[in-house]
Amino acid sequence: MRVVIAGGHGQIALRLEKLLSERGDQAAGIVRNPDHEADLIAVGAETVVLDLEKSDVDAVAAVLEGADAAVFAAGAGPGSGDARKDTVDRGAAALFADAAERADVRRFIQVGSMGADNADAPGLDPTFAVYLRAKKAAEDDLRGRDLDWTILRPGGLTNESGTGLVKLADHTGRGSVPREDVAATLVGLLDAPATARRTLELISGETPVNEAISAV
């Protein structure tokens with residue numbers, strides 16, 4: 001399986017690329033900064049240097065040509081301003097989906113955010129609210145497309161070692177989850193076409209990842 005990953009240097013993406021490479025799949029990570037290529041190569045991934053904020057659909061579709069699946073795991077990051085949260089978390093997601101349609105890559109997994117439906121909750125940090133609105137807009141855009149999409153909304157992300165035990169459901173309630181377990185769940189979802197057109201939340205739990213995916 002050839003999987004193209006937007007946001008290829010992100011913490012979840014690097015773990016995903018490592019898992020895919022270890023099982024013999026071909027992971028290609030899109031990065032904006034060429035200085036990040038070495039980190040992807042170290043986990044066995046191919047690298048594509050491309051700035052999704054400045055690119056166009058033809059250039060991104062060329063990267064996706066021949067892929068079996070696309071994973072959008074990019075994000076502007078906590079240190080970015082409001083404008084980049086829109087151009088990356090919404091705009092780049094829409095561009096990547098446009099390109100997947102152009103390249104006829106039907107399997108499309110997008111890493112969303114738990115709480116995206118509650119961007120207007122009282123007392124929410126204004127910058128975080130902008131982020132949630134951008135994530136929600138990207139999700140809504142994807143749901144309207146003729147792709148075999150799955151949206152994965154993880155809870156609070158941690159760098160603890162993965163346990164391989166999760167709770168995956170339409171609604172899980174609040175909780176946290178190691179990035180390693182998010183990456184393992186993404187791998188499992190790539191192998192689970194029956195999860196297409198589903199929005200799933202993910203937190204740590206008591207069920208092995210593959211069993212949790214089979215049960216949704």
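The first residue in the sequence is number 1, and the count goes up from there. Because the structure is predicted, anything quoted here is derived from the model rather than measured.
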(message) Quick check for you: to the nearest 0.5 Å, what is the distance between D191 atom CG and N210 atom CG?
(response) 7.5 Å
(message) Rounded at 0.5 Å granularity, tell me how far CD in Q11 sits from CD in E180.
(response) 11.0 Å
(request) Output yes when R90 and D86 qualify as a salt bridge under the 4.0 Å nitrogen-oxygen rule, no when they do not. (result) yes
(message) In terms of relative ring orientation, are H9 and H36 parallel, tilted or perpendicular, with 30° and 60° separating the classes?
(response) parallel
(message) Closer than 3.5 angstrom, by distance alone: can the side chain of E201 be matched with the main-chain N or O of T172 as a donor-acceptor pair?
(response) yes
(request) Look up atom CZ in R106 and atom CG in D104, then write down how far apart they are to the nearest 0.5 Å. (result) 7.0 Å
(message) Please evaluate residues V31 and D39 with respect to the criterion side-chain contact (heavy atoms from CB on, under 4.5 Å), reporting the C-alpha separation (whole Å), side-chain torsions for both, the decisive distance (0.1 Å), and the verdict.
(response) CA-CA 11 Å; V31 296; D39 292 332; over 6 Å; no
(request) Determine the minimum heavy-atom distance between V88 and G75, stating which atoms define it. (result) CG1-C, 3.6 Å
(message) Just verifying a value: how many Å separate I30 CD1 and R32 CZ, rounded to the nearest 0.5 Å?
(response) 13.5 Å
(message) Check for me, please, whether L152 and I203 land in the same ILVMFWY cluster - side-chain distances under 4.5 Å, paths through other members count.
(response) no
(request) Quick one: closest heavy-atom pair of I5 and A13, and the distance? (result) CG2-CB, 3.9 Å
(message) For a quick test of reading the model, state the closest non-hydrogen atom pair linking L52 to F72 and the distance between them.
(response) CD1-CE1, 4.4 Å
(message) Do I12 and V3 sit in one hydrophobic cluster, given that two such residues count as connected whenever their side-chain heavy atoms are within less than 4.5 Å of each other, even indirectly?
(response) yes
(request) Compare every heavy atom of L168 with every heavy atom of V216, then report the nearest pair and how far apart it is. (result) CG1-O, 3.3 Å
(message) Is there a side-chain contact (heavy atoms from CB on, under 4.5 Å) between R145 and D98? Walk through the geometry before answering.
(response) CA-CA 9 Å; R145 295 178 182 271; D98 282 341; 2.7 Å; yes
(request) Would you mind reporting whether I213 and V209 have side-chain heavy atoms less than 4.5 Å apart? (result) yes
(request) Work out which heavy atom in P178 is nearest to a heavy atom in S161; give both atom names and the distance. (result) CG-O, 3.8 Å
(message) Quick check on R23: does its CZ atom have over 12 non-hydrogen neighbours (other residues, nucleotides or ligands) under 6.0 Å away?
(response) yes
(message) Contact between V187 and D25 at the side-chain level, heavy atoms closer than 4.5 Å - yes or no?
(response) no
(request) With sequence neighbours excluded, tell me which residues meet salt bridge (charged side-chain N to carboxylate O under 4.0 Å, His left out) with R198. (result) D170
(request) Could you tell me whether a side-chain N or O of S204 sits under 3.5 Å from a main-chain N or O of S176, the two making a donor and an acceptor? (result) yes
(message) Quick check on the hydrophobic clustering: are W149 and L95 connected, directly or via other members, by side-chain heavy-atom contacts under 4.5 Å?
(response) yes
(message) Strictly distance-based, threshold 3.5 Å: is any side-chain N or O of T185 a donor or acceptor partner for the main-chain N or O of D181?
(response) yes
(message) Could you check whether any side-chain N or O of K135 sits under 3.5 Å from a backbone N or O of V111, counting only pairs where one atom can act as donor and the other as acceptor?
(response) yes
(message) How long is the straight-line distance from OH of Y131 back to CG of D125, given to the nearest 0.5 Å?
(response) 13.0 Å
(message) With side-chain hydrogen bond (donor to acceptor under 3.5 Å, both in side chains) as the rule and sequence neighbours excluded, what pairs involving residues 52-64 come up?
(response) E53-R84, E53-T87, D58-R102
(message) If hydrophobic clusters are built by linking Ile, Leu, Val, Met, Phe, Trp and Tyr wherever their side-chain heavy atoms come under 4.5 Å apart, do L50 and V57 end up in the same one?
(response) yes
(request) Go through the steps for L200 and L189 under the test side-chain contact (heavy atoms from CB on, under 4.5 Å), then give the verdict. (result) CA-CA 10 Å; L200 300 168; L189 290 172; 4.3 Å; yes
(request) Identify the heavy atoms of V71 and F96 that sit nearest to each other, and give their distance. (result) O-CE2, 3.5 Å
(message) Are I109 and V166 linked, directly or through intermediate hydrophobic residues, by side-chain heavy-atom contacts shorter than 4.5 Å (ILVMFWY only)?
(response) yes
(message) Nearest 0.5 Å, please: how far is CG in L157 from CG in L202?
(response) 9.0 Å
(message) So, applying side chain to side chain donor-acceptor pair (under 3.5 Å) with T199, which one of E139, Q110, R153, R143 is it?
(response) R143
(request) Check the side chains of E46 and Q26 for a donor-acceptor pair under 3.5 angstrom, ignoring hydrogens and angles. (result) yes
(request) Ignoring hydrogens and angles, tell me if any N or O in the side chain of R2 forms a donor-acceptor pair with the backbone of D68 under 3.5 Å. (result) no
(message) Keeping R197 on the side-chain end and L147 on the backbone end, is there a donor-acceptor pair under 3.5 Å?
(response) yes
